[in-house]
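Written out below as structure tokens is the structure these notes cover.
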Amino acid sequence: MSANDLQKLPYLPLGSEIKFLDDKNKFLIAAKKVALEFSKDPEHPTGAVVVRDGKIIGRGANGSDFHEKNGCRRKKLGIPTGKNYELCPGCDPKNHAEQTAIADVSARGKNSAGADLYLWGHFWCCESCWEKMIENGIRDVFLVEGAWKKF
């Protein structure tokens with residue numbers, strides 16, 4: 001992703017960066033597996049794994065039962081990604097892959113401080129997810145090379 005592309009992202013905290021890896025990376029493959037097995041968003045399955053000391057300590061996928069039953073209010077209104085999550089209970093950031101993976105770390109009695117997050121299925125992280133990752137000590141965020149075009 002070029003510097004110009006980074007400027008187009010809906011959100012990127014000052015001093016933060018997104019790193020990119022080949023799609024053969026074992027943790028990105030694991031995040032893809034989580035997305036394809038557990039995402040409740042058939043249009044945009046997204047998965048994340050939290051990794052510390054070379055081991056996966058948390059997994060999460062996007063979506064909620066709300067979308068399965070009611071569809072997405074934001075999509076029906078034509079609202080672009082990254083905007084107005086409050087208009088759709090299914091889009092609440094607690095249902096984003098990054099935040100469900102961090103919640104899984106806590107549910108397992110682990111600590112994410114110093115860990116990295118690998119995200120498959122999206123090309124950026126929203127403000128709320130960045131805040132949650134920073135709050136929980138996530139060090140680096142990795143996405144698939146070409147995510148900007150793939151997702």
Side-chain angles (χ1 to χ4, degrees), residues 9-76 79-148 150-151:
L9 290 175
Y11 183 77
L12 185 65
L14 189 62
S16 295
E17 68 176 308
I18 295 173
K19 298 180 179 185
F20 297 90
L21 297 170
D22 184 272
D23 63 0
K24 305 281 188 267
N25 176 277
K26 69 179 182 177
F27 297 123
L28 286 172
I29 291 170
K32 178 179 180 179
K33 184 177 178 182
V34 169
L36 297 178
E37 287 184 23
F38 300 107
S39 174
K40 292 183 179 180
D41 184 343
E43 291 182 40
H44 301 288
T46 304
V49 294
V50 178
V51 176
R52 190 178 60 228
D53 300 326
K55 295 181 181 151
I56 295 173
I57 61 171
R59 294 171 174 80
N62 65 326
S64 75
D65 292 338
F66 183 88
H67 284 152
E68 289 177 359
K69 296 173 185 171
N70 305 294
C72 177
R73 290 180 183 167
R74 290 175 53 252
K75 285 180 187 174
K76 290 175 185 174
I79 297 170
T81 187
K83 308 249 186 234
N84 302 105
Y85 292 125
E86 72 281 359
L87 297 178
C88 179
C91 292
D92 189 295
K94 72 180 179 190
N95 298 319
H96 293 186
E98 302 96 304
Q99 293 199 33
T100 60
I102 291 169
D104 186 49
V105 171
S106 295
R108 294 169 181 254
K110 307 247 182 216
N111 184 328
S112 60
D116 297 322
L117 187 135
Y118 293 75
L119 182 68
W120 185 91
H122 216 337
F123 65 93
W124 69 289
C125 305
C126 73
E127 182 173 358
S128 179
C129 287
W130 273 110
E131 288 172 355
K132 184 64 80 173
M133 290 186 293
I134 291 167
E135 172 186 317
N136 284 275
I138 298 293
R139 188 178 57 191
D140 289 318
V141 175
F142 295 93
L143 293 115
V144 178
E145 286 178 358
W148 183 259
K150 290 179 184 182
F151 310 113

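Note that the numbering runs from 1 along the sequence shown for the chain. The model shown is predicted, which means the values in this text are computed figures rather than measured ones. As a basis for the values below, the full set of heavy atoms in this structure was taken, side chains included, without hydrogen atoms, waters or symmetry mates.
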* Asked: Hey, is the main chain of A97 close enough, under 3.5 Å, to the side chain of T100 for a donor-acceptor pair?
  -> yes
* To do: For I29, enumerate each residue passing the side-chain contact (heavy atoms from CB on, under 4.5 Å) test, keeping only those at least two apart in sequence or located in another chain.
  => none
* For N95, what residues pass the side-chain contact (heavy atoms from CB on, under 4.5 Å) criterion, not counting sequence neighbours? -> S64, D92
* Under 3.5 Å, is there a donor-acceptor pair between the side chain of D104 and the main chain of G60? -> no
* Indicate yes or no: at least one non-hydrogen side-chain atom of L119 is less than 4.5 angstrom from one of T46. => yes
* Asked: With side chains defined as the heavy atoms from C-beta onward, is the minimum distance between H67 and C91 less than 4.5 Å?
  -> yes
* **By side-chain contact (heavy atoms from CB on, under 4.5 Å) - contacts of K110 (at least two apart)** => I57, V105, R108
* For K75, which residues count as a salt bridge (Lys or Arg N to Asp or Glu O under 4.0 Å) partner, sequence neighbours excluded? -> D41, E43
* Any residue meeting salt bridge (Lys or Arg N to Asp or Glu O under 4.0 Å) with K55, in chain and number order, not counting sequence neighbours -> none
* With sequence neighbours excluded, residues passing ring pair (Phe, Tyr, Trp, His ring centres under 6.0 Å) with F66 -> none
* **Proximity of Y118 and F142 rings by center, below 6.0 Å** => yes
* **Set of side-chain contact (heavy atoms from CB on, under 4.5 Å) partners for K26, sequence neighbours left out** => none
* Shortest non-hydrogen contact between C129 and H96, atoms and distance -> SG-ND1, 3.3 Å
* Asked: Does R73 reach the side chain of P89, with side-chain heavy atoms less than 4.5 Å apart?
  -> yes
* Asked: Are the side chains of E98 and V141 in touch, meaning some heavy atoms are under 4.5 Å apart?
  -> no
* Nearest non-hydrogen partners of W124 and L143, listed with the distance -> N-CD2, 4.1 Å
* **Pairing residues for N25 by the side-chain hydrogen bond (donor to acceptor under 3.5 Å, both in side chains) criterion, not counting sequence neighbours** => none
* **Heavy-atom donor-acceptor pair, W130 side chain to C125 backbone, under 3.5 Å** => yes
* Asked: Mind checking what makes salt bridge (Lys or Arg N to Asp or Glu O under 4.0 Å) contact with K40, not counting sequence neighbours?
  -> D65
* Structure fact -> Sequence neighbours excluded, the answer for side-chain hydrogen bond (donor to acceptor under 3.5 Å, both in side chains) partners of Q99 is S128
* Does a side-chain heavy-atom distance below 4.5 Å link Y85 with R74? -> yes
* Structure fact -> Residues passing the side-chain hydrogen bond (donor to acceptor under 3.5 Å, both in side chains) test with E86, sequence neighbours excluded, are N84
* Asked: Applying side chain to side chain donor-acceptor pair (under 3.5 Å), which residue pairs with at least one partner in residues 135-146 are found, sequence neighbours left out?
  -> K19-D140, D116-R139
* Asked: Looking only at heavy atoms, which two atoms of G47 and V34 are closest? And how far apart?
  -> CA-CG1, 4.3 Å
